[in-house]
Structure formats: C-alpha cells, structure tokens
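Residue numbers run from 1 in the order of the sequence given.
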Amino acid sequence: MIKIPQQVIEEEKNYRAKVEDLKKGLIEPERFKPYRVSMGIYEQRDNDTYMIRTRIPSGVIQLSQLKKISELAKAYSHGYIHFTTRQDIQFHKVTIEDTVEIMEALLEVGIVTKGTGGNTARNIACSPLSGVSKDDVFDVTSYALAATEYSLKDPTIFNLPRKYKIAFSSSPEDTGNATIADLGFIAKTLNGKKGFEVYGAGGLGGSPNVSIKLEDFIPISEVLYHVQAMKDLFEEEGDRTNKNKARIRYILQRLGEEGFKARYQEILQKVKLEKNIKVSIYEEIPSKSIGKQVNVLNPLVVEQKAEGFYSIYVHPQNGNLPVENLDKVIEFIDALEYEPSIRLSNTQGFFVRDLKGSDAEKLLDIILKFNTPFNIDNSIACAGAATCKLGLGLSQNLLTAIVKRFKDEEEDIKAQLPKVFISGCPNSCGQHQKGEIGLYGKAKRAVDGLVPMYGISFGGAVGVGKAVLGTEYGSIPAKKIPEFFYQLAYLKSKKRIINFTEFVDRNLEEVKELIQQFSTIESESENPDLYYDFGADEKFSLKGRGPGECSAGVLDVIKLDIANAQSHINDFIKTKKSAKLYEASVSATRALLILKGIDTAKERLIFKEFVQHFIDTGYVKEDVKVLIDHLLDYKLGDLNSVESHYEDVKYLIDRVSQMYESLNSKLEITLPKEKETLEIKEAAGNNKEKSLHVVDLKGIKCPMNFVKAKIEISKIQSKETIGFYLDDGHPIKNVPNSLEAEGHEIVEINENFERYNLLVVKKK
C-alpha cells in the first residue's frame, strides 16, 4: 500500500462540509462541480445520481480493501461494482449524500478518490501480472507505486491543463499500455542493469496517436525525474483555453517530434539540476515453496514464472460485478492458509495471483459459474449512454447482445474473435482505438430519424515496435453488429487463420464486402428495430446527452465568478441597488483566490485575501482598498449606499477579467502589475490606450523562446499585438528576426530594463 499524504486525507475529510454547504445553498452546483469531479465524483444521466471512482494504485489491492468495497456496494450502489480500464473500481448510481459515506469508509482502509477525475494525474497504470509473468523483464510495480506517492504529494498535480496518464509495463508486450500513454515506462535491461525505455505524448480519443520514444534507456533511479519533467512540460505548454486541444499529444502536434523532444530534454535537465528525487527501492525476493503443477487448458488460467503457481483472471461482463459473485472469490481467498495477491487489470477485470495449482483449479470452478473463457465474452465496453452524459450508444447493452448471439454457437466459432473494445462515443473510454477489433458509437440521420451506429476498426495494438491505432473500415447500425460478428467469425473459421489481424490483412476485400453488406439502413417501415438502441423503449435520440465533466476544473470556477460579477453590475445599472454592487465585488474578488488554494463563502475573508494576494502585490491599484472598506461598512449598515463606487467596481471586474485572460499554462498571471502597465503603455506606441498582454520568456534559451513565442502568437487574432520579455544577448537578437521572417510586424523593442527587454509584435 502507498502512503497517502496528509493533505489528501484532510481534503477528503473536508468533503462532507462541502456537500453540506451545497445542500444549504452556500455553494452553487456549478462551483461545487469542479471540486467533486476532482474527487472522482461524476453526475450521471439519471437525475441526482452519481458515480464515485476509487484510486487503486496501479491495480494493487488488499483483500481487506476488497471486503470493504463489497460492503459499500451492498449499502450504496445496488449490489454492483464496476471495474475500469484504468485499474480502478467505481460505484454507480449513488446519491450525493452517499458519496460522503463511501469516501469516508474507503479512507478507513487506505483508499482515496482524490485525483481520479478532472484535470489531474490519473491512476498510474501497471502490467497486472508484473512480478509473476513469465515474460517479465523485472517487476515494475514498486516504481509505479513510487510514482503514485510522489505525484499525490504535489498539490499542483490536481490542477493541470487536462488529465495526465502514466503507465508502466514489465515487458515489451506492453500490458500496461505505456506505448499509448502521456508518459510510459517499459522495463529493459542494458549491460545487466535494470532501466526503462521511456515513451510520451500518446493517447486515445480525439486526434489519437501512439507515443513517441523519448529515451532508449534510463536507469531505474531516474523514473521520478521524468514524471516531473513531463508534468512541467504539460503545465508550461498545455492549452488551458481549449479543453479539446489540451492533452499532451497536442503539444507534440504543435511542436513537431523534434521540437517536442528538445523541449522535453530542456525541462528534464532543469529538473535534474533543481531536484534530488532519485528512486531507491529495495527489492526483496520472496521465498516460495514449489506449488503443485496442474494441466488446465483454459485462457483464464495463467502459469506464473514460479513453478507450480498460477493466476486466475476474473472478468465480469461489461466490467459489472454483482457483489454476491465477488464475495464468492473473497470467501475462497480468505479460507486459504496462505495469502495470494490481487491485481486489477486494465481490461475491466482482476487477477487472483500466486495461487498453488490445486487452489487455482478450485477457484476456476467457482468463477466459471459467472465467467467464460472466450475472448468475445470477455470484451470491453465503456459505460456508454446508460450513465455517461457524453455517450451516444448503449455500449454495454451492445456487448450483452453480442455475447447472447454467440452463447449457443459451437466453441470453434466462439473462439474465432479476439476481445472487442467498445466505446459509446468517439472519446475511446472503451479503448476502441487500441483493439484488434474496435467499435465506437455514432449517430446517423436517415430519412425516418436517427439511427444508432458504430464505427468499426481493425488492427490496433500496443507494444514495443508494434504499437498502432486501428484502421476504420466503415459503420454498421447497432442492431446489426451481433450478426455481423457472427458472420465475421464464420468467415474466419473457413479461412483457418489463427491470428485475427493476419486474417483481416489477407482477406481484406471479403471483410470490407461483409461490412458493406451490414451497413445498409432500411426505412422504418422495413426495419423499425434499427431506429432503437439495445434495451431502449424509445426511438434513438440525443436526449440526455450533454457536456462531459472530466475536464471540469479551476478555470470553470473563475469564469463562473466573473460571469456572476458582470451579471450583478448589469443588474445595478438597471436597478441602482447598492446590494448589486456589493455582490458584484464579492464575486470579482473571489474569482482568482482559487489560484491561491482559497475557496470560501465568507465575504470578509474573501476581501482580506484579495487585498493580500492581488492589491498588496501590485496587480490591482491601491484605491480598491478604500472601495473594500466602504463595502464592508455598507454590509454592516454604517453606509446606506455605495452607488458612488460604480466606476471602482467596474474597474475591479475589468482588472480581474484581464488577470484571468493573462493566465499562462501554469496558471500564473502574466498581466503586468499596475506600475509595469504604465511603462508598457509608453513603450507600446499604438497601444497606448489599452493594456498589452506580455508573455515572460526570460530565462528561456534559443530556439525554444522562438517556439514559445510562435505558440503564444497563434492564440491571438490577426493584427492583434502581444509583448514578450526576452533576455539580453542572443534572445533579443534572434527572436525578433525570426518572427519578422514569419511575416509578423516588430512594433517596438524596449531595452530600458535591467538584463532583459520588451519586444512588442503585431500578428500578420
């Protein structure tokens, strides 16, 4: 088990008070949302129901923890738990009040939910058989857990531009998905020494790509330097203004592979100079007696590298396991005279590891009552439109229908297809882009209405030297998918080719013809079933679909406060009520305090903290202190009106809005302070009448200062002006020339600063 930082424990304990404030109306639901999402709590489609996601570090879980999860599922989530593709467990369809009880009970057994949602470092993935697999280079579990502990200690890890996914794999087969991760480590030895190949900037979903190799070999001691470096790169280069372009892979697309690698190495070397975070792990090799060897030909049984020991794979359909079946596994393990290990997989299931042969046979007999050995039955499906607000298709219902279609077929046909990876929409929560067979939900408008469809892809894979995204070959109506798969399996059985990808490659035209045959959409009178999704009583529609909550974060809170401030001052213009100016001021002064870790509804504290962090530091003019004093007097009844302060409140809102607009990717205010603003206005020529947005590039060497300047310029409109602080020497000589060569206009170079300069540029 990992050591949970005290700060994380305190935040989870404070969650109850936040929920109580929400119920009392002291916190708006919109303001509460980023907070609960960062705690792994998402609203579901059914009104007033939620999902809560646990953090099971790298899938490593103790029997006592599994017992507690079973107990909580019985009490709060209708007797079910859900296993995810990131080695976590979720409780579905719980009330907001029950999320408090679940969170506090989990904390008692060392499980947290903090950081399992929102713009955070998500659960660090790890090969589920690391340490016992025959193809292990070495056991990487300890390094994955060390990375988890390190990340949880850093408060800024919970406030990134978007989610950050790290993975560790114990062999080139990459069962931890390192070759499609934001940052991936694959075990390797060189000259007898343990280390890792390092990959980065991969990911599924929108604009997917496999990871690029960043390092051919690093010593095991340097793992955390890379965890920190990629996080720093993400903060500095990530796009916080466009959530759809905020993942690390978009930085790669902007900078190009060589530019990305150069920037990564620059930050990595800086981290190595500034921090001492070498990993030193004592690896104790446990002594084991030799177990009894058994000869069980079942894919759910995995022979381990230790003689006579086995792992059993448990895969509930759709990842949804009734606790009555979970309890059968728990009771079996509990009765053993020794302690097996349990590891959640990234395929919506879990392994019971380190079982002696005879015990493996006994557990297999137990799970075969609710498990099957066939890949098609053990496919992966995300939650889909049943609960997820982004979902288009009822993906889990589709998988259930596929399993039902194959249920009574001969074993030879059932064994033909690999696992299918199903996502209810293009976002790839079901990891369809990595599957040998992948499906993702979509909608197509026909003459008689919308039809639920699935795009189909083949050939996805992970692994060293073989990672590739699947190729899409067409779309098929949802209701035709089960029969399509049966016909595909039948075709493969006739060809007598074992490997599925090889079968597709060698018979591509026939496969395409089969897809074409099943892709037709008949009219509603000819085939009314096509216009209904699996398990749906109403015709297919996009009703209930809305924005997802994964990206809810700090910026949403700030925007809400600024919008409220603007709304209140607009109301004042109409009503001339001083109360509206007061409310506008509270919202404006509260907006940016969240950047300082302060989120309170106490108005006097809001004003006090605003003075300390934004007036005393020079970002807001001193006169606003007088405004705040008068606002407090008004609230106490010592003043009847603050109507005369309308212009001051307007300035306050405008200034806070400007500070918000100036935030860089690390959420640092780049707006010049009031004194600096006067200097810049004088230096900016044609921009005398408005503040100039200035980006601080001091300390950044060539050519990365030019690359960063290009990125900032890409964010503004043509003919708009932007400023850059650049060091003396090569930076102020080279960057203006390079930008001018790109067609931009150099408005001004102000050298009246000590050791740095102000470059003002107008975009072409």
Under 3.5 Å, which donor-acceptor pairs do the side chains of residues 201-208 form with other protein atoms, sequence neighbours left out?
none

Check: Does the Ser211 side chain pair with the main chain of Ala181, one donor and one acceptor, at a distance under 3.5 Å?
Finding: yes
Note to self: For Tyr313 and His315, take the angle between the two ring planes, folded into 0 to 90°, and tell me which bin it lands in: parallel under 30, tilted 30 to 60, perpendicular over 60.
What the structure shows: tilted
Notebook entry, point to check: Would a 4.5 Å heavy-atom cut-off, applied to side chains only, mark Thr179 and Val462 as touching?
Noted result: yes
Item checked: Contact check, side chains of Leu394 and Leu398, non-hydrogen atoms, under 4.5 Å -> no
Note to self: Taking CD in Glu339 as the centre, count heavy atoms belonging to other residues, nucleotides or ligands within less than 6.0 Å. Is the count above 12?
What the structure shows: no
Hey, can you pull the donor-acceptor pairs under 3.5 Å for the side chains in residues 361-369, sequence neighbours left out?
unit_1	atom_1	unit_2	atom_2	d
Lys369	NZ	Asp365	O	3.3

Check: Which residue pairs satisfy the side chain to side chain donor-acceptor pair (under 3.5 Å) criterion with at least one member in residues 455-471, sequence neighbours excluded?
Finding: Glu173-Lys466
Margin query: Any non-hydrogen side-chain atom of Phe309 less than 4.5 Å from a side-chain atom of Val132?
Written below: no
Next item on the list: Output all residues satisfying side-chain hydrogen bond (donor to acceptor under 3.5 Å, both in side chains) with Ser77, sequence neighbours left out; order by chain, then residue number.
Entry: none
Check: Would you say the side-chain atoms of Thr54 and Asp88 include a donor-acceptor pair closer than 3.5 Å?
Finding: no
Check: Does anything in residues 162-184 pair up under ring-ring contact (aromatic ring centres under 6.0 Å, His included), and if so which pairs, sequence neighbours excluded?
Finding: Phe168-Phe185, Phe168-Phe196
Check: Taking the six-membered ring where the residue is Trp, are the ring centres of Phe485 and Phe406 under 6.0 Å apart?
Finding: no
Next item on the list: Give a yes or no on this: more than 12 heavy atoms of other residues, nucleotides or ligands lie within 6.0 Å of atom OH of Tyr80.
Entry: no
Next item on the list: For Tyr338 and Asp359, test the side chains for any donor-to-acceptor distance below 3.5 angstrom and give the result as yes or no.
Entry: yes
Check: What's the shortest heavy-atom distance between Ser169 and Gly176, and which atoms?
Finding: OG-N, 2.8 Å
Next item on the list: Determine which pairs satisfy ring-ring contact (aromatic ring centres under 6.0 Å, His included) with at least one residue from residues 361-398, sequence neighbours left out, and list them in order.
Entry: none
